[in-house]
Novice: 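I am attaching a structure below and will ask some questions about it afterwards.
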There are 2 protein chains.
Amino acid sequence: MTPRTERISADERREQILAAATTVFGELGYSAATTDRVARAAGISQPYVVRLFGTKEQLFIETLRRTLGRLLAAFRAALADADDAGDVAADVAADADGKAREARLGEAYLELVEDRGTLLTLLHGFMMGSDPVIGPVARDGFLQVFRMLRDEAGFEPEQIHRFLADGMLINTLLASGIGLAAKGDRDAAELMDCTFGSHVAEVLERASA
Amino acid sequence: MTPRTERISADERREQILAAATTVFGELGYSAATTDRVARAAGISQPYVVRLFGTKEQLFIETLRRTLGRLLAAFRAALADADDAGDVAADVAADADGKAREARLGEAYLELVEDRGTLLTLLHGFMMGSDPVIGPVARDGFLQVFRMLRDEAGFEPEQIHRFLADGMLINTLLASGIGLAAKGDRDAAELMDCTFGSHVAEVLERASA
DNA sequence: GTCTATAAGTTGATAGAC
DNA sequence: GTCTATCAACTTATAGAC
């Protein structure tokens with residue numbers, strides 16, 4: 001007889017819960033999200049979620065850390081790709097090289113963004129700067145991204161500025177649902193088109209769904 | 001004998017509550033904020049807040065609308081100033097004129113941002129795009145800003161893009177508390193400096209406090 | 001115009017069984 | 001490794017007095 005819930009290792013279960021938590025926290029934010037929603041999204045009981053992570057706060061922190069880790073990993077993978085491609089034309093000007101890396105990282109970001117929960121969890125984390133325990137985690141993550149852009153991607157200050165600013169605008173358009181609204185609203189469509197080309201606009205529309 | 005709470009007109013009281021709500025919603029977000037916190041910030045009882053606004057959701061919507069209205073009003077005032085100044089040199093190239101307006105609006109935004117609650121309330125609103133009743137209000141507000149930049153400020157598409165992107169980055173740096181952290185953290189200071197000049201960085205530091 | 005009292009619902013967390 | 005039962009705290013909203 002199949003048990004109601006399959007017994008799997010604690011590590012697998014934790015990962016499963018963190019994935020579910022990313023969706024739930026992303027959709028509802030930290031305080032509107034409930035451990036019960038996370039539990040049901042993971043297909044287990046609410047007390048078991050608490051048992052495994054101690055507190056809701058701890059669950060969010062681990063979810064946030066995991067998401068930040070994935071973001072950095074995706075960027076690093078994109079950089080590695082960019083380096084490979086760069087070998088072919090190793091002599092191109094450093095400036096063009098920087099642009100190429102920027103494009104690669106941008107693409108990597110868009111791919112991540114297609115998972116709505118991932119990015120919204122990050123955003124919600126950044127919004128909680130005044131929380132004494134979550135705030136430092138979020139800031140630390142942001143600074144890690146900054147250092148990566150500066151030290152590993154070799155971005156110029158102005159490049160960093162633009163990259164981060166565009167990322168935040170994408171986040172906002174996504175979170176507010178303007179990406180989706182663009183289908184039916186003329187101004188929204190024009191806004192999407194003028195802030196980012198039609199390419200990005202399409203990705204955001206898909207991601208909004 | 002002075003009554004516990006001074007009796008004032010309902011309109012005055014509503015405005016007072018909305019101001020308090022802006023601070024509380026900004027600091028805690030929609031769902032972590034309680035009607036009790038708002039009441040205490042306004043110096044009245046919790047049931048009275050509910051009595052005047054019907055529901056917490058309605059209170060937030062009115063708070064959000066008021067904040068969006070103030071944002072637009074501040075931008076329009078800045079544009080009026082810019083036009084006055086422009087008269088003196090009415091013959092300058094349209095391009096330079098656009099830049100001047102951009103600078104004015106940027107300054108106006110920074111002034112607003114100095115009230116932490118105002119901007120964070122907006123941000124929280126934008127994050128609630130998937131809420132069936134709050135989402136539309138937030139999107140509508142965003143689009144109003146877009147139309148104002150396009151039709152009243154006469155911004156070029158790329159100008160709109162940059163203006164919005166920079167605004168969102170400022171919001172994030174503020175909300176996450178990196179602006180404040182810059183005082184003690186070398187990387188945070190460099191981040192602030194490289195994304196925005198030292199002028200803006202100083203304002204953001206003040207606003208973070 | 002404003003309060004006190006309180007009902008009713010939700011949610012995080014604990015205890016203990018299997 | 002996972003569940004059921006359940007408590008305690010909190011929060012929105014209502015009723016009714018002043």
Side-chain angles (χ1 to χ4, degrees), chain A residues 1-64 121 124 128 131-134, chain B residues 1-21 23-64 124 128 131-134:
Chain A
M1 196 167 74
T2 312
R4 267 272 271 279
T5 302
E6 202 188 344
R7 274 173 83 96
I8 61 180
S9 82
D11 275 354
E12 284 178 274
R13 193 59 89 187
R14 285 177 67 92
E15 170 57 25
Q16 200 180 58
I17 294 175
L18 287 174
T22 303
T23 302
V24 176
F25 281 128
E27 201 56 46
L28 303 173
Y30 173 66
S31 59
T34 65
T35 53
D36 189 54
R37 289 279 286 242
V38 173
R40 280 199 302 238
I44 58 177
S45 71
Q46 179 267 332
Y48 192 32
V49 171
V50 176
R51 168 84 98 193
L52 282 182
F53 290 88
T55 65
K56 175 185 169 181
E57 186 177 64
Q58 194 55 36
L59 171 62
F60 182 68
I61 287 177
E62 295 199 32
T63 305
L64 186 55
T121 294
H124 281 295
M128 299 189 64
D131 183 286
V133 27
I134 296 173
Chain B
M1 196 166 75
T2 313
R4 266 272 273 277
T5 301
E6 201 188 344
R7 273 173 85 96
I8 62 180
S9 83
D11 275 354
E12 284 180 273
R13 191 61 88 189
R14 283 176 68 90
E15 169 57 26
Q16 199 179 57
I17 294 175
L18 286 174
T23 303
V24 175
F25 280 129
E27 201 57 44
L28 302 173
Y30 174 67
S31 61
T34 66
T35 52
D36 189 55
R37 289 280 285 243
V38 174
R40 280 198 302 239
I44 58 175
S45 73
Q46 178 268 331
Y48 192 32
V49 171
V50 176
R51 169 84 100 195
L52 283 182
F53 290 88
T55 64
K56 175 185 169 181
E57 185 178 64
Q58 196 54 37
L59 172 61
F60 182 68
I61 287 176
E62 295 200 32
T63 305
L64 185 56
H124 282 294
M128 297 188 66
D131 182 286
V133 28
I134 297 173

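Proteins come first, then strands; the chains are lettered A, B, ... in the order of their sequence lines, and each starts at number 1.
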Novice: With sequence neighbours left out, which residue pairs that include part of residues 27-60 of chain A fulfil the ring pair (Phe, Tyr, Trp, His ring centres under 6.0 Å) condition?
Specialist: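 Of all non-adjacent pairs touching residues 27-60 of chain A, those that pass ring pair (Phe, Tyr, Trp, His ring centres under 6.0 Å) are A:Phe25-A:Phe60, A:Tyr30-A:Phe60.
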Novice: Which part of the nucleic acid, if any, lies within reach of B:Ile44 when heavy atoms closer than 4.0 Å are counted: base, sugar-phosphate only, or nothing?
Specialist: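 Here B:Ile44 touches the backbone only, sparing every base.
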Novice: List the atom of A:Thr121, the atom of A:Thr22, and the distance in Å for their closest heavy-atom pair.
Specialist: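 For A:Thr121 versus A:Thr22, the nearest heavy atoms are OG1-O, 3.0 Å.
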Novice: Residues in salt bridge (charged side-chain N to carboxylate O under 4.0 Å, His left out) with A:Arg13, at least two apart?
Specialist: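 So A:Arg13 forms no salt bridge (charged side-chain N to carboxylate O under 4.0 Å, His left out) with any residue.
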Novice: Please list, in numerical order, the residues of residues 10-21 of chain B that have a heavy atom closer than 4.0 Å to any atom of DNA chain D.
Specialist: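 Those residues: none at all.
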Novice: Mind listing the N/O atom pairs, protein and nucleotides 16-18 of chain D, below 3.5 Å?
Specialist:
{"unit_1": "D:dG16", "atom_1": "O6", "unit_2": "B:Arg51", "atom_2": "NH2", "d": "3.0"}

Novice: Remember a base hit wins even if backbone is also touched, and classify A:Ile8 as base, sugar-phosphate or nothing at under 4.0 Å, heavy atoms.
Specialist: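 The answer is sugar-phosphate, as A:Ile8 gets under 4.0 Å only of primed atoms, P, OP1 or OP2.
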Novice: State which residues pass salt bridge (charged side-chain N to carboxylate O under 4.0 Å, His left out) with A:Arg37; sequence neighbours excluded, sorted by chain then number.
Specialist: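 Listed in chain order: nothing, the list is empty.
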Novice: Who are the salt bridge (charged side-chain N to carboxylate O under 4.0 Å, His left out) partners of B:Asp36, not counting sequence neighbours?
Specialist: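 Result, salt bridge (charged side-chain N to carboxylate O under 4.0 Å, His left out) vs B:Asp36: B:Arg40.
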Novice: Sequence neighbours excluded, which residues qualify as salt bridge (charged side-chain N to carboxylate O under 4.0 Å, His left out) partners of B:Glu15?
Specialist: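 Applying salt bridge (charged side-chain N to carboxylate O under 4.0 Å, His left out) to B:Glu15 gives B:Arg66.
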Novice: Please report the interatomic distance CZ(A:Arg51) to CD1(A:Ile44), rounded to the nearest 0.5 Å.
Specialist: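 A:Arg51 atom CZ to A:Ile44 atom CD1 measures 12.0 Å (nearest 0.5 Å).
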Novice: Taking atom C1' of D:dT2 as reference, at what distance in whole Å does atom CZ of A:Phe53 sit?
Specialist: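 To the nearest whole Å, that distance equals 15 Å.
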Novice: Sugar-phosphate means primed atoms, P, OP1 and OP2; the rest is base. With that split, encode nucleotides 6-12 of chain C 5' to 3' as B, S or - using protein heavy atoms under 4.0 Å.
Specialist: -----SB
Novice: Not counting sequence neighbours, which residues clear side-chain hydrogen bond (donor to acceptor under 3.5 Å, both in side chains) with B:Ser31? List them please.
Specialist: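 With neighbours one apart ignored, the set is A:Ser31.
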Novice: What integer distance in Å separates B:Tyr48:OH from D:dT12:P?
Specialist: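 One finds 19 Å between P of D:dT12 and OH of B:Tyr48, rounded.
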Novice: Determine: side-chain N/O of A:Thr5 to OP1/OP2 of D:dC3, distance under 4.0 Å, yes or no.
Specialist: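 Checking A:Thr5 against D:dC3: at least one side-chain N or O falls below 4.0 Å of OP1 or OP2.
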Novice: For the residue pair A:Gly43 and A:Thr5, what are the closest heavy atoms and their distance?
Specialist: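 It is O-OG1, 3.8 Å.
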Novice: Check the distance between C:dC3's P and B:Glu6's CD and give it to me in whole angstrom.
Specialist: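 It works out to 12 Å between those atoms.
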Novice: In whole Å, what is the span from the CG atom of A:Leu52 to the P atom of C:dA13?
Specialist: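 Atom CG in A:Leu52 sits about 14 Å away from atom P in C:dA13.
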Novice: Quick one: side-chain contact (heavy atoms from CB on, under 4.5 Å) partners of A:Thr35, sequence neighbours excluded?
Specialist: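 Expected list: A:Gln46, A:Val50, A:Lys56.
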Novice: For A:Glu27, which residues count as a side-chain hydrogen bond (donor to acceptor under 3.5 Å, both in side chains) partner, sequence neighbours excluded?
Specialist: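 With sequence neighbours excluded, A:Glu27 shows a side-chain hydrogen bond (donor to acceptor under 3.5 Å, both in side chains) to A:Arg116, B:Ser130, given in chain and number order.
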